[in-house]
Visitor: 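Handing you this structure, nothing more for now.
Quick note: residue numbers are just sequence positions, from 1.
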Amino acid sequence: MKLETFMKYMAALSMNYSKDFFNPKDKDQRDIWYNMLKDIPDDIFAKGIVKLMSIEVFTPKIADIRRYCAEVAAPILVDDTEAWGLVTEAIRKYGYMREQEAIQSLPKTVREAVMRVGGYQCICSAENTGVIRGQFNKVMEAINTRDKTARNTSSGLNNALLQLSCTEEPLSLEEVTYTRSKAEITAYGMQSIRDTLASQGLLQAYDLHLKEREKQLAEDKKKREEFYESRSNEYIGWNEW
């Protein structure tokens, strides 16, 4: 970023918040702030300052300026609900066989989430969509949390700027090295249910219910066996008679 651009928008911040916020005649303050922000391109800095002034009420810090510039530079985060909608739409549009086209139609973060739950074809072939969607939502939430945190750092901003300036390479399908079996998908789903119950303090009651249910099933099975055995004995007695 050029020094002229920096001074222009810092003056705008001073006018918007307080004249004491930034003193252009204070060489030490000017050098410190400029050195901390000069890696940001002029246009991104300008847009970030405009967005910051339209939202923030209180005087911003250097970290606030970097965060808003990162938000301007980086792609908009896609939440888990919207991301799953994009995946299901890709499946409807491209089907099972046109995997390459379906994957390329998705945003980068959504692609990552798809790969981390087993891949596109794993989602297509899932018998219980509720289980696979639950796993996908957790992964998507983790990805967004990671990206939000990274945006507040210098390296995170640089990565955002790099993504903005580079054309995305097509995602290689060779990244899919493992596809979960149906049994594994079911196991992950059951573990997800248990984790949810545990977080709400309901796991012990759930396990007790399962034990009582197993006990009831065992008793019912025993009664059926005793009934069939008694009927069999009656039949044998009739034949002897």
Visitor: Could you list the residues that satisfy salt bridge (charged side-chain N to carboxylate O under 4.0 Å, His left out) with Asp79, not counting sequence neighbours?
Guide: none

Visitor: Consider only side-chain heavy atoms of I, L, V, M, F, W and Y, link residues closer than 4.5 Å, and tell whether Tyr9 and Ile55 are in one cluster.
Guide: yes

Visitor: Does Phe6 have its ring centroid less than 6.0 Å away from the ring centroid of Phe22?
Guide: yes

Visitor: Is there a salt bridge (Lys or Arg N to Asp or Glu O under 4.0 Å) between Glu89 and Lys93? Walk through the geometry before answering.
Guide: CA-CA 6 Å; Glu89 179 62 26; Lys93 185 175 181 180; over 6 Å; no

Visitor: Side-chain contact, heavy-atom cut-off 4.5 Å: Met7 with Pro24?
Guide: yes

Visitor: What do you reckon, is CD of Glu219 surrounded by more than 12 foreign heavy atoms closer than 6.0 Å?
Guide: yes

Visitor: Assess whether atom CZ of Arg213 is packed by more than 12 heavy atoms of other residues, nucleotides or ligands within 6.0 Å.
Guide: no

Visitor: Give me the atom names and distance for the closest heavy-atom approach of Cys122 to Val117.
Guide: SG-O, 3.9 Å

Visitor: Are Lys215 and Glu212 packed together at the side-chain level, in the sense that at least one heavy-atom pair is separated by less than 4.5 angstrom?
Guide: no

Visitor: Could you tell me which non-hydrogen atom of Ala90 sits nearest to which non-hydrogen atom of Ser105, and how far apart they are?
Guide: CB-OG, 3.9 Å

Visitor: Under the salt bridge (Lys or Arg N to Asp or Glu O under 4.0 Å) criterion, do Asp42 and Lys8 qualify, and how do the steps go?
Guide: CA-CA 11 Å; Asp42 293 61; Lys8 174 182 176 181; over 6 Å; no

Visitor: Counting distance only, does the side-chain N/O of Asn16 pair as donor-acceptor with the main-chain N or O of Ala12 below 3.5 Å?
Guide: no

Visitor: Check whether any side-chain heavy atom of Thr81 lies under 4.5 Å from a side-chain heavy atom of Arg133, and answer yes or no.
Guide: yes

Visitor: Hey, can you tell me if Trp33 and Phe21 have their rings parallel, tilted or perpendicular (30° and 60° cut-offs)?
Guide: perpendicular

Visitor: Could you state whether Leu13 and Phe58 fall into the same hydrophobic cluster, counting links through intermediate Ile, Leu, Val, Met, Phe, Trp or Tyr residues with side-chain heavy atoms under 4.5 angstrom apart?
Guide: no

Visitor: Which pair of non-hydrogen atoms, one from Gln29 and one from Asn23, has the smallest distance, and what is that distance?
Guide: OE1-N, 3.0 Å

Visitor: Say whether Met36 and Ile49 are linked into one hydrophobic cluster, either directly or through other cluster members, by side-chain heavy-atom distances under 4.5 angstrom.
Guide: yes

Visitor: If you look at every heavy atom in Cys69 and Ile44, which pair is closest and at what distance?
Guide: O-CG2, 3.5 Å

Visitor: To the nearest 0.5 Å, what is the distance between CD on Gln104 and CG on Leu106?
Guide: 10.0 Å

Visitor: With side chains defined as the heavy atoms from C-beta onward, is the minimum distance between Tyr17 and Glu56 less than 4.5 Å?
Guide: yes

Visitor: Check whether any side-chain heavy atom of Glu226 lies under 4.5 Å from a side-chain heavy atom of Lys222, and answer yes or no.
Guide: yes

Visitor: Would you say that Val87 contacts Ile91 through its side chain, given a criterion of any heavy-atom pair below 4.5 Å between the two side chains?
Guide: yes

Visitor: Quick check for you: to the nearest 0.5 Å, what is the distance between Ile103 atom CD1 and Arg98 atom CZ?
Guide: 13.5 Å

Visitor: Start with the C-alpha gap between Trp84 and Val110, add the side-chain angles, then the distance that decides, and say whether side chain to side chain contact (heavy atoms under 4.5 Å, CB included) holds.
Guide: CA-CA 8 Å; Trp84 182 254; Val110 181; over 6 Å; no

Visitor: Does any part of the side chain of Glu99, heavy atoms only, come nearer than 4.5 Å to the side chain of Tyr94, both counted from C-beta?
Guide: no

Visitor: Side-chain heavy atoms under 4.5 angstrom apart, residues restricted to Ile, Leu, Val, Met, Phe, Trp, Tyr: same cluster for Leu52 and Ile62?
Guide: yes

Visitor: Does the pair Glu141 and Asn137 meet the rule for a side chain to side chain donor-acceptor pair (under 3.5 Å), with working shown?
Guide: CA-CA 6 Å; Glu141 183 179 357; Asn137 287 351; over 6 Å; no

Visitor: Please check: side-chain N/O of Asp64 versus main-chain N/O of Lys61, any donor-acceptor pairing under 3.5 Å?
Guide: yes

Visitor: Give, for atom CZ of Arg116 and atom NZ of Lys138, the distance between the pair rounded to the nearest 0.5 Å.
Guide: 12.5 Å

Visitor: Do Tyr34 side-chain atoms and Met1 backbone N/O form a donor-acceptor pair below 3.5 Å?
Guide: yes

Visitor: Any link between Tyr96 and Tyr120 through a network of hydrophobic side chains (Ile, Leu, Val, Met, Phe, Trp, Tyr) touching at under 4.5 Å?
Guide: no

Visitor: Quick one: does Ile65's side chain get under 4.5 Å of Phe45's, heavy atoms only?
Guide: yes

Visitor: Would you compute the distance between atom CG of Asp26 and atom CG of Asp31 and round it to the nearest 0.5 angstrom?
Guide: 9.0 Å

